[in-house]
2 protein chains.
Amino acid sequence: MSSSTASPDNRIDDVDRAILAALQHDATRPYAELGKAVGLSAGAAHERVRKLRERGVVRATTIDVDAAALGKPVLSFVTLDAADWMGGSDTAEALAAIPEIEEAHIVAGSGTVLLKVRTASTQELQSVLKRLYAVDTVATTHTTVVLETLFTRPVAIADRTGSGGH
Amino acid sequence: MSSSTASPDNRIDDVDRAILAALQHDATRPYAELGKAVGLSAGAAHERVRKLRERGVVRATTIDVDAAALGKPVLSFVTLDAADWMGGSDTAEALAAIPEIEEAHIVAGSGTVLLKVRTASTQELQSVLKRLYAVDTVATTHTTVVLETLFTRPVAIADRTGSGGH
DNA sequence: GCTGAAATTTTCGTCCT
DNA sequence: AGGACGAAAATTTCAGC
């Protein structure tokens with residue numbers, strides 16, 4: 001309810017960065033351990049994490065599930081070229097209704113969408129493409145199937161060592 | 001250290017699926033709550049999760065960090081066309097050395113790699129591209145900058161309702 | 001897989017820097 | 001304001017059934 005400052009303390013310092021990096025790697029460790037790793041007491045570490053959550057820097061605590069173990073070994077990237085999507089605006093909902101789509105990004109002016117799709121087989125991938133055509137005025141689609149994933153990792157936490165220029 | 005059966009119980013049943021879905025949404029809830037949500041006691045729920053971790057179905061417990069809050073608002077997808085990468089094989093390491101790369105996938109025969117890159121600015125994106133050219137025999141690159149992310153979500157947990165065909 | 005109890009951890013109040 | 005310390009509450013974890 002203050003009025004002087006819009007953002008009281010929206011800065012992320014080195015300790016926050018260390019905490020975020022540690023939690024990205026393993027969010028199950030107790031606060032005492034986490035605190036020791038970043039040079040804080042358990043209570044202080046807890047307070048930092050609470051604030052990071054409150055500020056929205058930490059969106060959620062989740063588990064990383066092995067897609068192959070779940071029976072979804074086929075990963076693909078699909079590019080959609082549609083007619084007039086930006087106007088419709090419930091595009092996101094239509095895409096979200098297809099559970100095989102993990103990510104949906106608008107990548108160009110009006111009409112180009114990039115999708116990350118995970119399916120059990122190429123047959124199911126075909127099923128997704130059919131559903132995509134049924135969604136709206138989809139002009140063309142271009143599908144790229146991933147043969148091998150070299151690596152996947154969370155957002156990099158930049159450290160403020162000063163030398164980290166371009 | 002057993003020798004009779006290679007995979008004692010590698011199947012994922014409905015309860016496991018319910019647990020995985022719940023944990024994807026929020027992995028901070030106590031086991032008592034989780035158990036109640038899936039119709040199990042706290043102890044049984046804990047045992048299920050322990051086994052899922054042991055089997056590798058649950059790879060890790062992590063936090064979802066807001067990239068924009070971290071100063072990395074620019075998301076791009078970069079396609080690389082290189083000469084002979086598959087033979088070299090330390091390609092993954094060279095790419096992993098570039099922290100801005102979040103994902104690296106091989107998407108075609110010999111030489112095409114798809115990268116998911118997150119940077120602070122388009123200038124930093126340019127810096128990444130320069131480093132990519134320096135890596136190896138990179139013939140061409142094609143970069144697509146994401147204008148808006150409609151949604152991102154974890155791997156879908158299929159439910160065995162029987163009606164879920166293609 | 002369930003119940004119950006011990007051990008650990010989280011969480012909160014208070015004081016200190 | 002932010003962190004340390006200690007105690008209460010909650011949770012995890014392990015026993016036996």
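As a basis for the values below, the full set of heavy atoms in this structure was taken, side chains included, without hydrogen atoms, waters or symmetry mates. All of these numbers come straight from a predicted model, not from anything done at the bench. Just so we're on the same page: letters track the sequence lines, and every chain starts at 1.
By the 4.0 Å N-to-carboxylate-O rule, B:Asp16 lies close enough to B:Arg55 to be salt-bridged with it. A salt bridge between A:Asp64 and A:Arg153 is absent, with no side-chain N of the basic residue lying under 4.0 Å from a carboxylate O of the acidic one. Between B:Glu103 and A:Lys116 there is a salt bridge, since at least one side-chain N of the basic residue sits less than 4.0 Å from a carboxylate O of the acidic one. A salt bridge is absent between B:Lys72 and B:Asp66: the closest approach of a Lys/Arg side-chain nitrogen to an acidic carboxylate oxygen does not fall below 4.0 angstrom. Remark: A:Arg50 engages A:Glu47 in a salt bridge, criterion side-chain N to carboxylate O under 4.0 Å.
Bracketed by its first and final contacts, the part of DNA chain C lying under 4.0 Å from non-hydrogen atoms of chain A reaches from C:dT9 to C:dT11 in 5' to 3' order.
Counting only distance, with no hydrogens or angles, the side chain of A:Thr149 and the backbone of A:Phe151 share no donor-acceptor pair below 3.5 Å.
The side-chain contact (heavy atoms from CB on, under 4.5 Å) test applied to A:Ser76 returns A:Val74, A:Leu125, A:Thr143, A:Val145, not counting sequence neighbours. A search for side-chain contact (heavy atoms from CB on, under 4.5 Å) contacts involving A:Thr112 returns A:Thr79, A:Asp81, A:Val107, A:Ala108, not counting sequence neighbours.
Computed from C1' positions of five pairs at each end, the angle between the two local axes of the helix from C:dG1-D:dC17 to C:dT17-D:dA1 equals 30°, rounded to 10 degrees.
To the nearest 0.5 Å, atoms CD1 (B:Ile98) and CZ (B:Arg131) are separated by 6.0 Å.
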Taking only nitrogen or oxygen atoms into account, show me every contact under 3.5 Å that the protein makes with nucleotides 10-13 of chain D, one pair per line with its distance.
unit_1, atom_1, unit_2, atom_2, d
D:dT12, OP2, B:Tyr31, N, 2.8
D:dT13, OP2, B:His46, NE2, 2.5

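The separation between A:Arg48 atom CZ and D:dA1 atom P is 15 Å, rounded to whole Å. Here D:dA1 presents its C1' atom at 15 Å from CZ of A:Arg11, a figure rounded to the nearest Å. Per the geometry, CD belonging to A:Glu47 stands 12 Å off C1' belonging to D:dA4, to the nearest Å.
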Without placing hydrogens or testing angles, list every side-chain donor-acceptor pair under 3.5 Å for residues 27-35 of chain B, not counting sequence neighbours.
unit_1, atom_1, unit_2, atom_2, d
B:Thr28, OG1, B:Asp26, OD1, 2.6
B:Thr28, OG1, B:Asp26, OD2, 3.3

